[in-house]
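All chains are named by letter (A, B, ...) in the order of the sequence lines, taking the proteins before the strands, and each is independently numbered beginning at 1.
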Number of protein chains: 2
Amino acid sequence: MAARAKLSDVARLAGVSTATVSRVLNDNDRVAPELVERVLKAKAELGYRYNSLARGLRTRANAVVGVVIPDVTNPFFTDLVRGIEDLVRENGYLLVLCNTDETAAKEEAYLELLVDQQVAGLVIAPVRSTIEAASFDLAGIPVVAVDRTMNGVDTVTLDNVRGAIAVTSRLLESARRVATITGPLVTTTGSERLVGYRRALSDVGIDFEPELFVEADYSESGGYAAAHRLLALEERPEAIFCGNHAMALGAMRAISEVLDDPSEIALASFEPLPWAADPGGRVVTLAVPSYELGQRAAQMLLERIRGFEGPARSIVVQTELLRTPR
Amino acid sequence: MAARAKLSDVARLAGVSTATVSRVLNDNDRVAPELVERVLKAKAELGYRYNSLARGLRTRANAVVGVVIPDVTNPFFTDLVRGIEDLVRENGYLLVLCNTDETAAKEEAYLELLVDQQVAGLVIAPVRSTIEAASFDLAGIPVVAVDRTMNGVDTVTLDNVRGAIAVTSRLLESARRVATITGPLVTTTGSERLVGYRRALSDVGIDFEPELFVEADYSESGGYAAAHRLLALEERPEAIFCGNHAMALGAMRAISEVLDDPSEIALASFEPLPWAADPGGRVVTLAVPSYELGQRAAQMLLERIRGFEGPARSIVVQTELLRTPR
DNA sequence: GGCCGGCATGTAATCGATTTCTCGGATGCG
DNA sequence: CGCATCCGAGAAATCGATTACATGCCGGCC
């Protein structure tokens, strides 16, 4: 039992050549039914499992899909990964999850490792959108960008501009002085949500005030610090639109430290908040179909892996206003 | 640029044999300095990267460590994974993250895939502790169990009994009727925390009442349902000790649905809650060193991978009472 | 009836690395 | 000065699969 059976063992036991065994296990075509049966029986008897390294070496592909995301602790990304995982597993691929912590260096290291592993394909939410697709397109590995765009590859993103407009407009119904805390502007989610925010302002004839805008890093502590800065302004904002869930939680913490009645400042988040953080449902929020996003990305990736050659496609998924304050 | 340089290309450019190149890149011993230099120069010039599949095929090992956990969305596990990741990456391994959703079937499927991939080692938080180590020990792959124990392999766990005693005792300071919602009793975390709960009760001379104990599944919805059951009792509990963070959040939701003043029922969670869910810090909680847990597990796994052969070891990490109600 | 085509099967090359074995030159010792 | 030893480097086997090519058998067609 110690040693693992290999293809040639199966071949010997079944009394056929290794080529035939391989054909039975893969093509299944053009092999006499009787031999097929003998092979399958021998395979079962020996408990044969193919060696994916050897196979991968020959076919130049590993049945592994790499997923590179900036933050495994963010529910948005974990749900998204679920979406990818479910589809990808159905198709026999293993999922490798890599966490970049929103840092370019880690991202690069992981991409190198994944390319080394000759993964069959990659889904990535790039730290910076200027990333050069070229560097791994070289290796011929299909790539799909998710949530954030990237040049030259298939992308699945949210309609950030529309979503941000919807959220900001809702805040503007009951406030004039609306601030925003965005993610890094080098990410498309950061810059596009800012665009939406500005458009919503101009739609109702309000000028953009630079002091009401803070660029942060999508982390709880980043949101916390940014909110403190906004709260320290001479003229405090009446509402704050946060670019993601973690920063909204940070802002919430900051607000409750500074104000006796935290509800004086309306809060909004692009991503939904866990129930426990907002039992009253006061925070304006979008329903972001993260699971679906993942599925779409996986779908496109699988098509590429199967050889689809067309030009880069892009899918934009809509969001929906979820909760209303009051 | 299209094709990737291989070892023999480097050898040709450097004017040496492939064996020499391999020696330079691995042993680095016993090769004339001049040749070493030529090889390294050729390598740099071609941008050579080794093919991990080919190498793995020959050395029978893949520079990948598999991590199998029941819930990627649980911060406890994501922090734990961070701990593993950091240590493992320093040592040149890639981390494959697999999510079992607390179901045995998925767990098994992932283990098979990982064994197929010939990962160098595995860290697992098993869905059921009775899992047979034998089935993959066979493949000779080192395994470390984390958070939950498993027979015959190295384990890193929390001191669940002591932790549960500490939490329950704290609740008992201000309440007599203390209920508990545990995780599945087939997990060691589930059963041991129940043991701690019972011991704390008996320490102060209170009998265990079966109706005050509900077994759930570590999910938010499971905690929610369980809490509703407890709240429907004729004689309501005065406090509830939840086996993990998600169930505590679920219980919190249930409580706030049933009671006008949720603070009437004291709540405790074995794992810490996100700040936003408990701004006042009323919930009794343990500091669980999840990151450290992961590091220890990774440490032991690396030792095994490097050939350590001793008997199975087990490390128990202490927790600490974190917040106090009132 | 002989030849050709097609198809099922086997043989052997191949993927890209590591590693054993071998060989030749240099060194050391008697 | 000659022989044994040691060591560095190359040739070739090897890991375990896939697959191009060779082979042999069968049936059909002229």
Sugar-phosphate only, base, or nothing, as touched by B:L35 at under 4.0 Å among non-hydrogen atoms: sugar-phosphate

B:Y110 and A:R89: CA distance, side-chain angles, deciding distance, side chain to side chain contact (heavy atoms under 4.5 Å, CB included) verdict: CA-CA 10 Å; B:Y110 267 119; A:R89 261 201 52 205; 3.0 Å; yes

Distance-only donor-acceptor check, side chains B:T103 and B:T100, under 3.5 Å: no

Spacing of A:L7 atom CG relative to D:dT19 atom P, expressed in whole Å: 12 Å

Residue from B:L97, B:N99, B:V96, B:I124 passing side-chain contact (heavy atoms from CB on, under 4.5 Å) with B:V68: B:I124

Opening and closing nucleotides of DNA chain C in contact with chain B, under 4.0 Å to non-hydrogen atoms: C:dG16 to C:dT20

Pair B:R60, A:N51: side-chain N/O donor-acceptor within cut-off below 3.5 Å: no

Gap between atoms CZ and C1', on A:R60 and D:dA17 respectively (whole Å): 14 Å

Comparing A:Y50 and B:G15 on DNA chain D - which has the more 5′ nearest nucleotide: B:G15

A:L302 side chain reached by A:F308 side chain, heavy atoms, under 4.5 Å: no

A:E292, CD atom: more than 12 neighbouring heavy atoms under 6.0 Å: yes

Pair of N/O donor and acceptor under 3.5 Å linking D:dT14 base with B:R58 side chain: yes

Nucleotide D:dA17, atom C1' - distance to CG of A:D9 in whole Å: 13 Å

Residue whose nearest DNA chain C nucleotide is more 5′ - A:T20 or A:L57: A:T20

Closest-nucleotide ordering on DNA chain D, the 5'-leading residue of A:T18 and B:A19: B:A19

